[in-house]
Amino acid sequence: METTIQERPVSAQATAANADPAKYVPQDFEASWTQKWEQDELYKTSPADERPKAYILDFFPYPSGDGLSVGHCRNYVPTDVLSRYYRMKGYNVLHPMGWDAFGLPAENAAIKMKTNPARLIAQYSANYKRQFRLIGISFDWSREINSSTPEYYRWTQWIFLQLYHAWYDPRLNAARPISELENELGVSGAGNIPNPHAEVTAEQWNSFGKKERSEFLSNFRLAYRKASFVNWDPVDKTVLANEEVVDGRGWRSGALVEKKLLPQWFFRITEYSERLINDLDTIDWPDHIKLMQRNWIGKSVGAQVDFVTDAGPLRIFTTRPDTLWGATFMVLAPEHPFVEKLVTPQHKARVNQYVKESKAKTEVERAEEGKEKTGVFTGSYAVNPVNDERIPIWVADYVMLTYGTGAIMAVHAHDQREFEFARKFKLPIRVVIQPQGETLDADTMERAFPHDGVMVNSGPFDGTGADVAVAQVTQWLEGKGIGAKRINYKFRDWGISRQRYWGTPIPIVHTADGEAPVSPESLPVELPDVNSYEPTATGESPLATIPEFVNVTLPDGTPGRRETDTMGTFACSSWYYMRFADPQNQARAFDPKEVNYWLPVDTYVGGAEHAVMHLLYARFWTKVLYDLGIISFVEPFQRLRNQGMILSPQLKDGKYEKMSKSKGNVITPDEMVEQFGADALRAYEMFISDFTMATPWQTDGLAGTFRWLTRVWNLLLGAEPNPDLPAATDEQIKSLRRSLHQTLKKVEDDVNDFAFNTVISSLMSLTNVLIRAQDTATYPTAVWDNALNTLLLMLAPIAPFMAEEIWSRWGKAYSVHQQKWPAYDAAAAKEEAFTLVIQVNGKVRGKLELPVGVSEDEAKEKAFAEPGVKKWMEGKTIERVTYVPGRLMNVVVK
RNA sequence: GCCGGGAUGGCGAAAUUGGCAGACGCCCAGGACUUAGAAUCCUGUGCCCGUCAAGGGCGUGCGGGUUCAAAUCCCGCUUCCGGCACCA
């Protein structure tokens, strides 16, 4: 098929030749207003004061070489509109911007281009900044921050030390100074701490040397180092957090992640599981994000039970203690320490082989093979403590060491995985839960029955119903001392070590006596300025190869080696929103007065992809700093909203694609501004669809908002009223004011509700009303001027350039952006009449204009007299009439 | 597999949460202005029957249901997009 080249019908490109001052040519004035606003520091935020505050924040962007696309503008424009709106409402507004500048993409790009990541970031962020200015975003640039500067990461390190020097006391449900733990250990050991991470008596503790104490405290510190199997990305040559592994691959490199045993730094976020779940109820976030966090934390309530084995008590976790009597064997994870102890000589070879193979598999391989269960018998047996039955112990890789206790009891009849396993290995199956209304038969069952029912074959519990079974059995186990209630969480501590150069150095020195934290006064531990910083394949940070960095002598003369891992960038973004409250502070991370005034963030906007990473980590840091008395709030982000993605306008295989540089379908704000101006772009970003919805870009739609702004321009700067037109009647004047104030209400409500698309459509409607009014009658000057003035003020947050230009052409005092938001008059907005929709048997048969407050009888009388309605009622009997005042009447006839 | 969220004209979408489906735009068609085009303005525009009429029927992914009344609530599917994934 032949394609014709479409001419671009609408365009406002300025050419010097046809410059007409009456015409709307945004390119003629937008840039100079940006300059003036900046000169005048129009958007500079004041420190804490008496006014109510509004903190409106976008997710901390990672500046990339590609710059911003029109898709990125989708969140920056609405937050800017909100900020401008709040300024006009008299709020003290904080609307800042900065750069999440550390991390792999910049470092990898810099290595490739043989340059320095700092230089790249400077270049990329300058481009972002240029684009933000281009589209009129009102950031207070005096508060700009860059997480890779020593002035910033000094305080990231400081917060790291706060965590390092703290532990979580389950008795207080809060973090406390580690020194208080040390005191307690010296007096009473760990004996008074419920479920301590490690046991110690006071005598033992007091006999410990420096190094032993240091190592012991690692079991409690909120920032700790531990050798563990980690997700190793062989392409980026670094460790990844669990959240950064997607389908077994590194989220940035896409490489298959390997398991590697390395000493790593962690933050003990799991201590906050319960609070992270509970406090979700106190914040205004999208439900699906809350749900994702809950699922990620993965709380399950059940019981732990000790089975008797030759190697000692074997502890399992189950959410179904009511099925204990149905256990027909046990399964250990291949890495479980009991495997070695329990395997009998004649099974040793097979078991060792199986364990070796499992350990070699990646997570993906394990999962892929997951449908077909594998496993081997150890040769040993365990005794089920509830019925003294002897059951075989197997090893199978569908059991994970990292969840629960790494060991399970297998109840084949009531768990699908175990059912499959039992069928495959011809193990016995026993029904211990009978569903209501049917009878399960262990021999003929084709699938497990994992649901509720009545307990059978369960000794003293036969006949117990599902509603109470778990609680009663758990209590019984506790009474007999063979088990206890236990809560398990899926998620694990947050691994922050990165074996890379471009990140915040971890402020720890390793000495012969153990770890020595860098003193706060000697921060920052600066990243050395070096030429070569390529990652090593060994799992060692490139910093380890720099002797000047590594070798240190502590103030007391002790020689040490600096920690050479750096922190993953989620550390930087876990507190940047606090730094914005007091970004220049050289003496501390922030002044508590400022941070407690501005925080929590009132409205936080960004993509849903950070649901379980940044948003969980930031909440965790906030809670720790709260516990330590540094800040006075427990949740960082009061209201969260996620923008929908903007897709490429081209259909491919019946779908709209994501914009990406590799597909060559990226549309930039630069080209759109060049063609239509920034204001039309802003309006279209709002108008395109519901804020949360993914939607394709349509440049023709942008042409539509440009046309609308042109009509507004012509209306507001238009000619004097036509003297030939009749004077407006009282009714017309009332009607005009009604439209005006209804729109005002709608715009305010919708801005607050993030319904930006309908903000634009209602302003378009108002524009149409005003243009029509202008062509119909001459309105009193006061009425007309007030209408135009109100429209312009409503437009100011949306189209800031145009609003300022018109304001200035009207000869009003600079600046429109320092004006008050117009006052809403509810009386003026009130309707005097309404349209009554008349239905007969549910079908619309007529409409009637009636005064508000008309009586039901009168409405009926008039409705039944309507010819269109009458026609359908003739010869029928009225069965019922439903009347919804102000709306609708439905007559049911037969 | 489990858990979320969607599906509305040719296109992007609205719909006060049970009360006129399609606001507001785009596209398209016809007209005005113009030497002509662009821009602008006016009119029309869910589908079908009907002479472009009057009028009527159908219509919010599909199939049922509740209700005087369903895009909206309930049950069962299809499909797309996210998330989780042997979690005991």
Is the phosphate of B/rC24 approached by A/R707 (side-chain N or O, under 4.0 Å from OP1 or OP2)?
no

Is there a side-chain polar atom (N or O) of A/K843 under 4.0 Å from OP1 or OP2 of B/rC58?
yes

Need the glycosidic conformation of B/rU17: syn if within 90° of 0, anti if not. Which one?
syn

Could you check which of B/rG57, B/rG4, B/rC26 has an atom nearest any side-chain atom of A/L291?
B/rG4

Nucleotide N/O to protein N/O under 3.5 Å, stretch nucleotides 19-23 of chain B:
from	atom 1	to	atom 2	distance (Å)
B/rC20	O2	A/K847	NZ	2.3

Exam field: side chain A/S660 to backbone A/K663, donor-acceptor pair closer than 3.5 Å:
yes

Syn or anti for B/rG9 (syn when the glycosidic angle lies within 90° of 0):
syn

Hey, is A/E420 close enough to A/K424 for a salt bridge, meaning N to O under 4.0 Å?
no

For A/F491 and A/D690, take the nucleotide of RNA chain B holding the closest heavy atom to each; which residue's nucleotide lies nearer the 5' end?
A/D690

B/rG12 P sits how many Å from A/M645 CE, rounded?
17 Å

Atom-to-atom span, CZ of A/F691 to P of B/rA14 - whole angstrom
13 Å

When the ring centroid of A/F754 is compared with that of A/F756, is the distance short of 6.0 Å?
yes

Is any side-chain heavy atom of A/L715 closer than 4.5 Å to a side-chain heavy atom of A/L791?
yes

Give a yes/no answer on whether the side chain of A/R294 brings an N or O atom under 4.0 Å of OP1 or OP2 in B/rC3.
no

Across every strand shown, the nucleotide meeting Watson-Crick or G-U wobble geometry with B/rC27 (both distances under 3.5 Å) is none

Send over the distance from A/H610 NE2 to B/rG83 P, rounded to a whole Å.
13 Å

State whether A/K871 places a side-chain N or O below 4.0 Å from either non-bridging phosphate oxygen (OP1 or OP2) of B/rG56.
yes

What interatomic distance, in whole Å, is found between C1' of B/rG44 and the corresponding atom of B/rG5?
37 Å

Separation of B/rG57 atom C1' from A/N841 atom CG, nearest Å, is 16 Å

For A/G406 and A/K746, take the nucleotide of RNA chain B holding the closest heavy atom to each; which residue's nucleotide lies nearer the 5' end?
A/K746

Where the side chain of A/R845 is defined as all heavy atoms beyond and including C-beta, which of B/rA88, B/rC24, B/rG56 is the nearest nucleotide?
B/rG56

B/rG37 -> Watson-Crick or G-U wobble partner, both distances under 3.5 Å, gives none

For A/D750 and B/rU17, what is the distance between atoms CG and P respectively, to the nearest whole Å?
13 Å

Aromatic centroids of A/H414 and A/F419 separated by under 6.0 Å:
no

How far apart are the C-alpha atoms of A/F425 and A/W394, what are their side-chain angles, what is the distance that settles it, and do they pass the ring pair (Phe, Tyr, Trp, His ring centres under 6.0 Å) test?
CA-CA 11 Å; A/F425 294 104; A/W394 284 60; 4.9 Å; yes

Examine the side chains of A/S689 and A/R74 and answer whether a donor and an acceptor come within less than 3.5 Å of each other.
yes

Checking contacts here: which listed nucleotide (B/rG4, B/rA85, B/rC68) is nearest the side-chain heavy atoms of A/V892?
B/rC68

Rounding to an integer number of angstrom, what distance separates B/rG46 and B/rC42 when you compare their C1' atoms?
23 Å

A/F676/A/L681 under side chain to side chain contact (heavy atoms under 4.5 Å, CB included): CA gap, chis, key distance, verdict:
CA-CA 7 Å; A/F676 299 102; A/L681 173 65; over 6 Å; no

Please determine whether side chain to side chain contact (heavy atoms under 4.5 Å, CB included) holds for the pair A/V386 and A/L477, giving the CA-CA distance in whole Å, both sets of side-chain angles, and the decisive distance to 0.1 Å.
CA-CA 8 Å; A/V386 302; A/L477 290 169; 4.1 Å; yes

With respect to the phosphate group of B/rA13, does any side-chain polar atom (N or O) of A/T695 fall under 4.0 Å of OP1 or OP2?
yes

For B/rG82, the Watson-Crick or wobble partner whose two distances fall under 3.5 Å:
B/rC3

Take atom C1' in B/rU60 and the same atom in B/rA21, then report the distance between them in whole Å.
7 Å

Please name the nucleotide paired to B/rC58 by Watson-Crick or G-U wobble geometry with both distances under 3.5 Å, or report none.
B/rG46

Atom CD1 of A/I688 and atom C1' of B/rA14 are separated, to the nearest Å, by 15 Å

Between CG of A/D775 and P of B/rU43 the distance, given in whole Å, is 11 Å

Taking atom types as modelled, is there a side-chain donor on A/T323 or A/W325 under 3.5 Å from an acceptor on the other?
no

A/W697 CH2 to B/rC11 C1', straight-line distance once rounded to whole Å
15 Å

Interatomic distance at C1', B/rG9 relative to B/rU45, whole Å
10 Å

Side-chain N or O of A/W296 versus OP1/OP2 of B/rA85: is the shortest distance under 4.0 Å?
no

Say we look at B/rU17 and B/rA69: how far apart would their C1' atoms be, to the nearest angstrom?
15 Å

Exercise answer: donor-acceptor pairs, residues 483-491 of chain A side-chain atoms, under 3.5 Å, sequence neighbours excluded:
from	atom 1	to	atom 2	distance (Å)
A/R486	NH1	A/Q304	OE1	3.2
A/Y489	OH	A/E274	OE1	2.3
A/K490	NZ	A/N295	O	3.2

Extract from the structure each pairing of a protein N or O with an N or O of nucleotides 78-81 of chain B at less than 3.5 Å, listing the distance.
from	atom 1	to	atom 2	distance (Å)
B/rC81	OP1	A/K655	NZ	3.0

Test side chain to side chain contact (heavy atoms under 4.5 Å, CB included) applied to A/Y883 and A/L836, step by step:
CA-CA 10 Å; A/Y883 178 63; A/L836 180 73; 3.8 Å; yes

Given the P atoms of B/rG25 and B/rA32, what is the spacing between them in whole Å?
24 Å

C1' atom, B/rC77 versus B/rA7: distance in rounded Å?
14 Å

